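For reference, the structure is listed below as structure tokens.
Proteins come first, then strands; the chains are lettered A, B, ... in the order of their sequence lines, and each starts at number 1. Note that the structure is predicted; figures quoted are calculated from it, not measured.
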Number of protein chains: 2
Amino acid sequence: MLEFAILGLLQQSPMHGYELRKELAAVLGGLRSISYGSLYPALKRLQAAGLIASDDPTPRSLLPADAPALTGRRGKVVYAITAEGKERFADLVSQTGPEAYDDEGRFGVHLAFFRHTAADVRLRILEGRRRTVERQRDRLMDSLRRTQEKLDRYTLELQRHGLDSVDREVRWLTELIDSERDDARAEAARAEQSPTPPDDGTT
Amino acid sequence: MLEFAILGLLQQSPMHGYELRKELAAVLGGLRSISYGSLYPALKRLQAAGLIASDDPTPRSLLPADAPALTGRRGKVVYAITAEGKERFADLVSQTGPEAYDDEGRFGVHLAFFRHTAADVRLRILEGRRRTVERQRDRLMDSLRRTQEKLDRYTLELQRHGLDSVDREVRWLTELIDSERDDARAEAARAEQSPTPPDDGTT
DNA sequence: GGATCGATGTATCGGCACGATACATCTGGG
DNA sequence: CCCAGATGTATCGTGCCGATACATCGATCC
């Protein structure tokens, strides 16, 4: 998930870790900011996989091991996406399966990069997410109906609030989906009026 | 967090892992169910710490190593809380600091066991949680106001939705707090009217 | 009557994210 | 001049997760 997000951000321009973290926090919704304990290992993984490349000003691995006090003298390490990285990002951005929407964080990243995503893929991800959340809602409603009497007031409140949240998320997703469909219809109409008909049935 | 929840559940009656998992899922809100990859290690930690004790019907560690096909034949392992475990739970249930409400999961567990929590502690936890969530909301509003123009429609929607959720949570907490205060007032009035004041807090 | 399927049940593994922490650099205000 | 706070890189231990393996038991199906 983090790796996906990093690739997406580096799509725009090279960055170093600190910037990446701030951008990530901004994009991912202000709350859930990312910790360095996740970020740097992720950067290492991506670099090992050849998806990003670092411009490290001070290699520092040539010195003998007898300079422990010299461990400092770090320079900024700027990361840039590679050709393979762009390929990988294109793959990730176009996936429409459960891996795109089952996990909340995953889905958030997909949504954050929707401007790089084709319209039909966008729609399928939103619908998939809605189905997932609807299932959660139904399970929660069921569980609530069945165990209602055995729960104390606080547990009940907790579940009521959870149910309300999930319900709101479904409605939110429905708005997004409707809006996507409107856009698609408008686009189709525009294409119709124009003499060139590139529409092959994907309404 | 898990350990807290387990101690709370075992407060009622001994259970084995499978039951624990289901109860946990029921109490924690139906969605976030707990995985075995967390549960069994947690049980081990608790047992190592002497907070729970297991009734293992088949020790099975006496056999020589020449019975590899016999690895099965597992019995149910029933866990019960110990005296130290009850002590620890009492400590956990009465903590009012940030560790009780900063983390969402932590707070959920505290709320789930509010029936074991003193009224004044309940109130302090709810208020602490509200402050935490209010801070999140304010940070999010700020970030949204500042970066509004630079974000595309989808990122904006994501943040709007997140803000709405946080806002709803604040209102929900406020309802709970008001209700707690009403209860406290009613209780105080009741004590006033009654001539005998044996009430030392354990309502 | 036997096969098979789903619920019950215990357990481990690798992976990933987290919070805490350490340490270094630069900038600006007291 | 110094020191506080932003910038910046990095590691460590911990906790939780999904996937997986394996075993038992009852019910239903053929």
Side-chain angles (χ1 to χ4, degrees), chain A residues 1-6 14-25 28 31-49 52 54-61 67-79 97-99 102-106 108-109 132, chain B residues 1-6 14-25 28 31-49 52 54-61 67-79 98-99 102-106 108-109:
Chain A
M1 190 213 82
L2 233 191
E3 299 175 9
F4 185 6
I6 291 171
M15 290 185 189
H16 48 247
Y18 196 82
E19 289 178 280
L20 236 18
R21 188 188 185 242
K22 291 182 65 176
E23 286 297 312
L24 234 40
L28 261 296
L31 340 147
R32 64 174 76 251
S33 102
I34 241 56
S35 89
Y36 295 125
S38 319
L39 179 60
Y40 286 106
L43 287 171
K44 269 191 183 165
R45 288 196 300 271
L46 284 168
Q47 192 170 10
I52 64 176
S54 74
D55 174 19
D56 191 340
T58 58
R60 199 177 51 81
S61 35
L70 262 278
T71 326
R73 186 62 245 151
R74 280 188 256 239
K76 298 189 190 180
V77 185
V78 177
Y79 294 92
E99 68 277 9
D102 264 10
D103 174 71
E104 164 142 22
R106 266 320 250 221
V109 175
T132 295
Chain B
M1 190 214 81
L2 233 191
E3 299 174 11
F4 185 7
I6 291 171
M15 290 185 189
H16 49 245
Y18 196 81
E19 289 178 280
L20 235 18
R21 187 186 186 245
K22 290 182 66 175
E23 287 297 313
L24 233 40
L28 261 294
L31 340 148
R32 62 173 78 252
S33 101
I34 240 57
S35 90
Y36 295 124
S38 319
L39 180 58
Y40 286 106
L43 288 171
K44 270 192 182 164
R45 288 196 300 271
L46 285 169
Q47 193 170 10
I52 64 176
S54 74
D55 174 20
D56 191 340
T58 56
R60 200 177 50 81
S61 36
L70 262 278
T71 325
R73 186 66 244 148
R74 277 188 259 240
K76 298 188 191 183
V77 184
V78 177
Y79 295 92
E99 67 277 9
D102 264 11
D103 175 70
E104 163 142 23
R106 254 343 238 223
V109 176

**Message:** Test of understanding: with side chain to side chain contact (heavy atoms under 4.5 Å, CB included), list the residues that count as partners of D103(B), not counting sequence neighbours.
**Reply:** R106(B)
**Asked** When the distance from NZ of K44(B) to P of dT10(C) is rounded to whole Å, what number comes out?
**Response** 13 Å
**Asked** Could you give the angle between the helix axes at the two ends of the helix from dG1(C)-dC30(D) to dG30(C)-dC1(D), with five pairs per end, rounded to 10 degrees?
**Response** 20°
**Prompt:** Please give, in whole Å, the distance from dG8(D) P to L43(A) CG?
**Reply:** 14 Å
**Prompt:** Between R106(B) (CZ) and dT14(D) (C1'), how many Å, whole number?
**Reply:** 13 Å
**CD1 on I6(B) to CD1 on I52(B), rounded to 0.5 Å** = 6.5 Å
Between N or O atoms, less than 3.5 Å apart, protein on one side and nucleotides 17-20 of chain C on the other: list the pairs.
unit_1	atom_1	unit_2	atom_2	d
dA17(C)	OP2	R45(A)	NH2	3.3
dC18(C)	OP2	S35(A)	N	3.4
dC18(C)	OP2	S38(A)	OG	2.5
dC18(C)	N4	G37(A)	O	3.2

**Message:** With heavy-atom distances below 4.5 Å as the criterion, would you say the side chains of L2(B) and V109(B) are in contact?
**Reply:** no
**Message:** Expressed as a whole number of angstroms, how long is the span from Y40(B):OH to dC22(D):P?
**Reply:** 17 Å
**Asked** Of all of residues 15-25 of chain B, which get a heavy atom below 4.0 angstrom from DNA chain D, listed by number?
**Response** none
**Prompt:** Between the side chain of R21(A) and the main-chain N/O of Y36(A), is any donor-acceptor distance below 3.5 Å?
**Reply:** no
**Prompt:** Listed by chain and number, what are the side chain to side chain contact (heavy atoms under 4.5 Å, CB included) partners of M15(B), not counting sequence neighbours?
**Reply:** L10(B), S13(B), E19(B), L20(B), E23(B)
Exercise answer: donor-acceptor pairs, residues 37-48 of chain B side-chain atoms, under 3.5 Å, sequence neighbours excluded:
unit_1	atom_1	unit_2	atom_2	d
S38(B)	OG	S35(B)	OG	3.3
R45(B)	NE	E3(B)	OE2	2.5
R45(B)	NH2	E3(B)	OE2	3.1
Q47(B)	NE2	S54(B)	OG	2.8

